[in-house]
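Input: a single structure, listed below in structure tokens.
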2 protein chains.
Amino acid sequence: MTKIDDVARLAGVSTATVSRALRGLPTVSAATRRRVLAAAEQLEYAVSPSASRLAGGRTGAIAVVVPRITRWFFGTVVESVEEFVHQSGYDLLLHNLGGREQTRQRVLRAANLHKRVDAIMLVATPLRSADLTALAKLKLPGVTVSSGSVVPGWPCVRIDDVDAARTATRHLLGLGHRRIAHISGDPDDELAFTTHLDRRRGWRDALREAGLDPDPALDVESQFTIDGGTRATAELLRRGDPPTAIFAACDEMAMGAMTALRDAGLRVPQDVSVIGVDDHDLARVVGLSTIAQPAAEQGLLAARMLLDPLVGGGPGPTGGPGDDRLPAGTAPAGDTPGTPVILPTRLIVRESTAPPRAH
Amino acid sequence: MTKIDDVARLAGVSTATVSRALRGLPTVSAATRRRVLAAAEQLEYAVSPSASRLAGGRTGAIAVVVPRITRWFFGTVVESVEEFVHQSGYDLLLHNLGGREQTRQRVLRAANLHKRVDAIMLVATPLRSADLTALAKLKLPGVTVSSGSVVPGWPCVRIDDVDAARTATRHLLGLGHRRIAHISGDPDDELAFTTHLDRRRGWRDALREAGLDPDPALDVESQFTIDGGTRATAELLRRGDPPTAIFAACDEMAMGAMTALRDAGLRVPQDVSVIGVDDHDLARVVGLSTIAQPAAEQGLLAARMLLDPLVGGGPGPTGGPGDDRLPAGTAPAGDTPGTPVILPTRLIVRESTAPPRAH
DNA sequence: CTGAAAGCGCTTACAG
DNA sequence: CTGAAAGCGCTTACAG
């Protein structure tokens with residue numbers, strides 16, 4: 001293991017100068033910098049993160065917390081975040097809650113994040129007041145994505161879930177549907193997030209706009225997964241007088257609904273229309289109409305908002321990627337914390353929605 | 001930030017004793033340990049990872065490298081690995097190659113992993129000889145999952161890809177198919193892994209067993225994705241004289257194939273049967289026959305093989321989880337490095353495969 | 001079983 | 001623009 005002293009000796013300077021030159025600090029003459037860089041390269045020198053962190057007080061890492069990396073939305077967010085984080089010279093510590101309340105506490109308790117990372121990104125992570133207290137104690141910068149819980153001082157990137165749900169429901173109404181069911185997340189879920197509440201509200205709003213009363217019998221809660229969608233739909237059918245359309249709170253649930261309908265001998269969309277939210281990679285495959293949300297863009301924007309203030313004093317020789325990768329029309333990273341940055345969604349009509357059969 | 005001195009002072013012992021007590025070293029009296037633990041708790045003390053790493057020489061972190069976290073197999077592997085890694089008291093640094101050759105080099109080059117992690121897990125990461133040299137230089141323990149490239153001294157967990165492909169193809173042959181196409185990964189892919197080569201071999205083997213000659217016109221290469229499957233199938237149909245069955249190298253390609261077939265006005269399975277490999281969450285939803293492979297189990301087993309030797313001298317108060325979570329019949333972690341641990345696959349017949357139409 | 005002291009490999013005021 | 005020296009907060013022989 002070659003260390004900074006070796007480089008200093010070879011370059012004929014002090015370790016302080018090596019440190020400065022390698023980090024690109026301005027207070028080093030061009031000639032010295034060249035010599036240092038050459039020496040470092042020749043010796044294949046890599047700074048020791050532990051030593052650097054201890055001495056410098058920065059960890060060079062950020063934590064990313066997601067409920068379930070295997071779900072489309074979270075995987076897509078992590079993928080875009082990962083790229084930006086590494087380009088910015090940071091490490092990415094991944095935490096997957098996996099639906100376990102215990103895990104959530106382990107992750108959020110001060111002791112574990114403290115001293116480990118410079119910043120935190122929470123994706124769709126529900127926060128109780130004890131969690132907020134713990135996070136406040138950390139005094140770390142952070143950002144939330146797709147989160148109902150607002151952390152004081154942290155920016156938030158998300159879509160307008162109420163609006164997305166309203167658009168989906170209006171689409172079904174526009175086709176002539178009146179009995180429109182909603183299947184959504186379970187509030188008793190240990191890791192319940194607020195997304196499903198907003199989406200239910202949008203469904204209700206749209207129905208009321210159309211002069212309809214949301215029927216509790218058509219409102220079934222389950223998990224935000226394929227299985228959840230299957231179970232919710234089976235329950236819906238069990239209740240009798242089935243709906244002519246289902247608005248599922250996410251595409252995974254919608255695809256589960258399609259399975260359950262098929263298993264029950266019902267055709268989509270002839271017998272029942274189905275629409276989801278996300279624009280999952282497979283939505284196209286199964287011909288699912290949906291409200292597309294920009295997952296990668298939300299992740300990227302959140303990562304920028306998190307790291308841009310850190311980079312500059314941050315580690316790594318690169319100054320971070322350029323500014324040309326953000327979706328047009330999105331708010332600048334310097335937004336007032338507390339005001340969520342809302343990214344747009346859009347309706348995509350495929351084969352799973354059609355007018356109800358004439359009676 | 002409370003530090004070890006604060007705890008030592010409150011407990012009335014030296015920092016050395018605090019360090020020993022907190023790490024559960026045996027050379028501490030029960031009474032002293034109790035006092036130290038109480039003091040640490042009272043002060044909400046958490047050891048500084050940087051300081052501990054620098055002084056102790058262990059990083060308490062492992063790196064996990066996957067090609068694309070958004071693909072079903074890799075997401076599922078990471079999810080199971082993440083749980084075990086954190087239970088063992090380690091941090092997990094995620095690297096997502098994202099199909100970028102440049103990224104792969106950045107990750108694998110010594111400078112970046114060096115001094116950052118105690119061990120490495122490479123999932124389906126193709127390695128050139130320069131990479132092997134770089135990894136050898138690191139002198140870190142590692143494990144590969146689903147990898148064709150063997151790293152000297154590292155164990156490997158995988159399925160038998162040739163056998164899986166043979167089983168899939170035999171299933172189609174057994175149904176009476178003779179014109180069986182194969183769609184698979186692209187060897188020109190920057191991050192080509194060897195999985196697709198094995199799966200193609202299994203397809204060829206099975207055909208030859210049945211006295212058939214693999215028809216190059218029925219062997220199309222594309223990406224290991226939904227889009228790849230769609231494109232490959234479109235190409236297949238463009239060539240004329242379409243097959244009666246398609247064996248796709250993974251479920252995502254198979255689902256892409258189903259889309260392409262549907263777009264071409266062909267029904268599955270009446271006109272063309274389709275089978276994949278994986279047992280993707282959505283395979284059931286679309287009724288896809290497949291060769292199921294145990295993704296989570298491969299990840300868990302690999303994580304155990306990686307961490308079990310480290311834990312004990314490792315960080316964290318826990319000794320790691322019990323031994324009751326491995327699939328039955330799997331080899332113990334103490335296997336000779338170099339001999340891959342092969343986990344079983346199994347055929348799952350759903351609605352996408354059926355006998356060819358009689359002529 | 002416990003402590004004093006050195007040392008892990010950097011970064012950072014401070015001084016020049 | 002550069003260097004000498006202190007210090008980041010632990011762990012580890014070494015000694016007792």
Side-chain angles (χ1 to χ4, degrees), chain A residues 1-37 39-40 43-61 89 111 114-116 118 312-317, chain B residues 1-37 39-40 43-61 89 111 114-116 118 312-317:
Chain A
M1 299 220 306
T2 111
K3 19 197 209 182
I4 200 171
D5 310 72
D6 304 321
V7 180
R9 206 170 306 120
L10 181 58
V13 296
S14 71
T15 60
T17 298
V18 173
S19 175
R20 292 184 190 112
L22 255 29
R23 281 176 301 147
L25 298 191
T27 61
V28 178
S29 76
T32 305
R33 186 185 310 278
R34 260 197 307 278
R35 260 187 302 142
V36 170
L37 290 177
L43 298 174
E44 296 185 47
Y45 171 72
V47 47
S48 155
S50 324
S52 174
R53 286 162 192 191
L54 181 57
R58 276 179 267 92
T59 67
H114 202 31
K115 309 173 180 176
R116 291 193 121 75
D118 296 331
Chain B
M1 298 219 308
T2 112
K3 21 196 208 182
I4 200 170
D5 309 72
D6 303 320
V7 180
R9 207 170 306 119
L10 182 58
V13 295
S14 70
T15 59
T17 298
V18 172
S19 175
R20 292 181 191 115
L22 256 29
R23 280 176 301 146
L25 297 192
T27 60
V28 178
S29 76
T32 304
R33 185 185 311 277
R34 261 196 308 277
R35 258 188 302 141
V36 170
L37 291 177
L43 298 174
E44 296 186 48
Y45 170 72
V47 47
S48 155
S50 324
S52 174
R53 286 162 191 190
L54 180 57
R58 278 180 266 92
T59 67
H114 203 30
K115 308 173 181 175
R116 290 192 122 76
D118 296 330

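Values below: every heavy atom of this structure, side chains too, minus hydrogens, waters and symmetry copies. Order of the sequence lines sets the chain letters (A, B, ...), proteins ahead of strands, with each chain counted from 1.
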Rounded off to whole Å, could you give me the [atom1]-to-[atom2] distance for the [X] and [N] pair?
X        : N       : atom1 : atom2 : result
Arg53(B) : dT11(D) : CZ    : P     : 12 Å
Arg58(B) : dC10(D) : CZ    : P     : 15 Å
Leu54(A) : dC10(D) : CG    : P     : 9 Å
Asp5(B)  : dC8(D)  : CG    : P     : 9 Å
Ile4(B)  : dC8(C)  : CD1   : P     : 18 Å

Determine: side-chain N/O of [X] to OP1/OP2 of [N], distance under 4.0 Å, yes or no.
X        : N       : answer
Arg23(B) : dT12(D) : yes
Ser50(A) : dC8(C)  : no
Ser19(A) : dT11(C) : yes
Ser52(B) : dT11(D) : yes

Q. Is Thr27(A) touching bases, backbone alone, or none of the nucleic acid, heavy atoms closer than 4.0 Å?
A. base
Q. Base, sugar-phosphate alone, or nothing: which one does Pro49(A) contact when heavy atoms must sit under 4.0 Å apart?
A. nothing
Q | Cationic N near anionic O, under 4.0 Å, Arg9(A) to Asp6(A) | A |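 Yes, this pair counts.
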Q: Could you tell me the separation between the OG atom of Ser29(A) and the CZ atom of Arg35(A), rounded to the nearest 0.5 Å?
A: 7.0 Å
Q: Output the distance between atom OG (Ser52(B)) and atom CZ (Arg58(B)), rounded to the nearest 0.5 Å.
A: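 Here the interatomic distance stands at 7.0 Å.
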Q: Without swapping roles, check the side chain of Ser50(B) against the backbone of Ser50(A) for a donor-acceptor pair under 3.5 Å.
A: no
Q) Distance-only, no hydrogens or angles: does the Lys115(A) side chain make a donor-acceptor pair with backbone N or O of Ala46(B) under 3.5 Å? A)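 Between the backbone of Ala46(B) and the side chain of Lys115(A) there is a qualifying donor-acceptor contact (under 3.5 Å).
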Q. So what is the 5' to 3' dot-bracket string for DNA chain C, if pairs are Watson-Crick or G-U wobble with both distances under 3.5 Å, crossing pairs use [ ] and | means the partner sits on another strand?
A. |||.||||||||.|||
Q: Determine, step by step, whether Leu22(B) and Leu37(B) satisfy the side chain to side chain contact (heavy atoms under 4.5 Å, CB included) criterion, reporting the C-alpha distance in whole Å, the side-chain angles of both residues, the deciding distance to 0.1 Å, and the verdict.
A: CA-CA 7 Å; Leu22(B) 256 29; Leu37(B) 291 177; 3.7 Å; yes
Show me, pair by pair, the donor-acceptor contacts under 3.5 angstrom made by side chains of residues 10-21 of chain A, not counting sequence neighbours?
residue, atom, partner, partner atom, Å
Ser14(A), OG, Ala16(A), N, 3.4
Ser14(A), OG, Thr17(A), N, 3.2
Ser14(A), OG, Thr17(A), OG1, 3.3
Ser19(A), OG, Arg23(A), NE, 3.3
Ser19(A), OG, Arg23(A), NH2, 2.9

Nucleotide N/O of nucleotides 3-5 of chain D paired with protein N/O under 3.5 Å:
residue, atom, partner, partner atom, Å
dG3(D), OP2, Ser14(A), N, 2.9
dG3(D), OP2, Ser14(A), OG, 3.1
dG3(D), OP2, Thr17(A), OG1, 2.7
dG3(D), N7, Arg20(A), NH1, 3.3
dG3(D), O6, Arg20(A), NH2, 2.5

